[in-house]
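See below for the structure under consideration.
Any value given below was found using the heavy atoms of this structure, including those in side chains, with hydrogens, waters and symmetry copies removed. Numbering of ligands and ligand atoms starts at 1, following listing order. This one's a predicted model, so the numbers in the text were calculated from it and none came from an experiment.
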Amino acid sequence: MNASAPLLRLSGISRSFGEGDGAVTVLRDVELVIERGEMVAIMGPSGSGKSTLMNVLGCLDRATLGRYEIDGHDVASLSDDALAQLRREYFGFIFQRYHLMGHLSAQGNVEVPAVYAGIPRSQRSSHSAALLERLGLGKHLSHRPSQMSGGQQQRVSIARALMNGGDIILADEPTGALDSHSGLEVMHILRELHARGHTIILVTHDPNVAAWAQRVIEIADGRIKCDRLNDTPHAVNASVTSETRDVSSCPPRSADALTSDAPDAPKMSRGNWLTRWLSGWPTFAESLSMAWHALASHRLRTGLTMLGIIIGITSVVSLSAIGEGTKRRVLNDIGNIAPNTITVLRGKDFNDDKAAEIRTLLPRDADLLAAQPYTDSVTAQVGPRTARMRFGRIDTDAQVHGESADFMRANGLKLARGRSFDASEVERQAQVALLGENTLRKLLPNGGDPIGQIVLAGSLPLRVIGVVRDRSSMFVSRSLNVYVPWTTVASRLAGQQHLESITVRILDGHPPAAAEAGIIRLLTRAHGKKDFFTFNMDTIVKSISRTSQMLTLLLSFVALISLVVGGIGVMNIMLVSVTERTREIGIRRAIGARRQDILRQFLIEAVLVCLMGGAVGVVLSYAIGWLVATFVPQVSVVFSTNTFAAAVACACAIGMLSGWLPARSAARLDPVDALARE
Ligand code: ADP
Ligand code: MG
């Protein structure tokens with residue numbers, strides 16, 4: 001495109017670190033031009049600024065002063081993403097310490113730059129395999145860096161540099177960590193690449209290595225001391241090159257292509273942030289598999305991160321299942337307890353000591369109430385009295401309720417077998433009884449037909465005529481009940497003529513409050529004063545459902561807290577892992593990852609961890625629910641699909657929220673800083 005411009009031109013480049021008095025100037029006023037196809041060695045003693053220069057050349061770092069042009073384009077005018085694309089598609093880095101990623105295989109490492117370039121998987125894997133094959137690593141495709149020698153690792157890193165073309169190879173002390181034989185091998189490869197048209201820039205402190213280049217630039221104290229052509233570069237050794245021939249299967253692009261879009265590279269995204277963000281999504285599957293590899297290679301860390309979420313999701317799901325179960329149970333119980341009733345009792349309230357002396361509640365009050373338009377049914381009541389029940393050799397304490405003939409309807413009770421007593425039996429104080437099921441079980445533990453049997457209440461013989469189903473309720477489940485005509489209880493057990501309470505069942509659809517007011521008015525007039533109080537089931541029902549709602553709310557709150565704690569745990573460990581993986585992030589950035597690639601990688605890791613934790617949590621809650629249902633039958637557990645949807649949504653949201661901060665701090669790392677940290 002800009003044929004007249006040199007490939008790389010540095011003019012007046014300085015680089016200093018720090019500010020003010022503490023500033024250290026590492027590069028001073030560097031003037032340098034490098035043309036296409038050159039092989040240049042930058043040589044100087046340790047600490048002279050070679051690596052700093054290399055980082056500026058490779059766009060890993062920006063100069064403090066001066067102008068750097070690539071193919072005539074001022075680097076200062078390029079965005080961070082554009083620099084990432086430059087690194088990804090035109091530069092290939094080779095580092096002294098290889099900088100491979102330990103959790104990826106040789107082939108996996110080589111493919112990373114192509115992943116960021118959006119090259120499809122099949123193309124990527126055949127190309128990387130071919131590159132490794134040609135570098136003599138055909139048998140090591142699936143080996144981890146730790147399973148390879150230094151020379152082999154350096155060859156892997158060369159293959160990685162070539163993966164997207166590697167027009168300009170930047171090698172910082174490529175032989176520094178290698179034995180002399182491996183070092184020679186690497187130099188042969190670089191010479192071969194040069195011969196194929198790659199521009200090679202080599203940094204070394206070793207004159208023997210520099211001797212391989214055609215041009216040697218000596219640098220000392222951040223200044224260029226000498227820039228000379230090497231008339232007698234090392235000859236290419238035929239025996240070594242024979243195995244490294246055709247190193248790059250895709251011929252290097254001409255440097256003119258620098259600013260045009262390469263055919264297999266993704267277009268530089270333009271437009272608003274949304275389209276820029278979405279432009280990365282075709283590689284979502286890649287990001288996912290990358291995240292999976294990163295997580296799988298750090299099992300302990302992943303497990304610990306998940307633990308918080310597992311606990312959080314487990315508590316959310318199981319507590320809400322228990323909350324839901326309790327709510328349904330309470331509603332069910334209320335349905336069992338409560339036909340809509342109002343009970344009239346003697347005295348001011350339940351705590352009135354003098355109530356027992358009040359004898360004004362009489363059968364005619366019950367008759368009066370029965371005649372009201374809002375009344376469904378009425379039962380006059382004496383008791384319940386605790387009495388010793390005896391049958392054969394078994395005896396037990398039970399609650400003896402004196403009731404009217406209509407008591408089952410008024411109280412919403414159901415007959416299990418036999419029959420109830422009628423008005424005439426109440427009239428003549430018949431000694432008959434209906435047993436509650438609990439009482440029956442207690443008195444006839446071996447079963448058998450109770451109907452027609454005689455039981456004793458204290459010393460009063462009663463003939464059993466029926467069995468009443470006990471309410472299955474968590475409030476009144478285990479009580480032992482016996483139902484007897486109220487007249488029988490009044491005269492034979494209590495020795496009195498008056499009633500102790502009257503329960504009125506209100507017709508469905510009648511407002512209970514109005515009925516209650518009516519009852520109070522009526523009885524106050526009949527008694528001449530208010531020597532009674534009323535007890536409205538409707539109020540109780542409302543307060544119970546309020547209580548159960550409070551309970552659900554409380555459980556949700558507890559669960560929410562544990563979720564938040566879990567999320568903070570994830571954030572914590574992710575933050576630590578960002579620090580721990582700084583070098584990895586630096587490598588990724590050096591080989592072309594954009595900030596958003598890093599951001600997305602860490603976000604996806606966080607979400608993935610949370611989703612996996614969520615899945616484990618859901619399974620655990622099922623197990624807990626099963627255990628609870630099996631061993632604590634009083635507690636009901638009801639799982640709903642809503643709960644699961646909420647759990648998954650929670651896990652995702654927690655992952656996003658807790659992953660955001662670490663991901664952002666990872667994405668903000670500068671490539672050089674990140675690489676410098678070992
Ligand atoms: P070389 O690669 O030639 O051995 P470097 O370019 O790595 O040398 O470093 C040159 C000098 O710059 C060294 O004295 C080093 O301490 C200093 N230096 C490099 N990077 C930084 C930095 N980020 N902050 C401060 N000083 C730095
Ligand atoms: Mg160095």
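With respect to Val203, the side-chain contact (heavy atoms from CB on, under 4.5 Å) criterion is satisfied by exactly one of Ile42, Leu170, Ile217, Val40: Ile42.
Checked by atom type and distance alone, the side chain of Gln147 pairs as donor or acceptor with a backbone atom of Arg144 at under 3.5 Å. Side chain of His194 to backbone of Thr199: no donor-acceptor contact under 3.5 angstrom is found. Put simply, the side chain of Asn109 gets close to the backbone of Leu104: a donor and an acceptor are under 3.5 Å apart. Remark: side-chain polar atoms of Gln96 are not paired, donor with acceptor, to backbone N or O of Thr175 under 3.5 angstrom.
Under 2.8 Å from the Mg ion (ligand 2) lies an N/O/S atom of Ser51, whether from backbone or side chain.
When all heavy atoms of Leu190 and Pro174 are compared, the closest pair comes out as CD1-CG, 4.2 Å.
Protein residues having a heavy atom under 4.0 Å from any atom of ligand 1 are Phe17, Val26, Pro45, Ser46, Gly47, Ser48, Gly49, Lys50, Ser51, Thr52, listed by chain and number.
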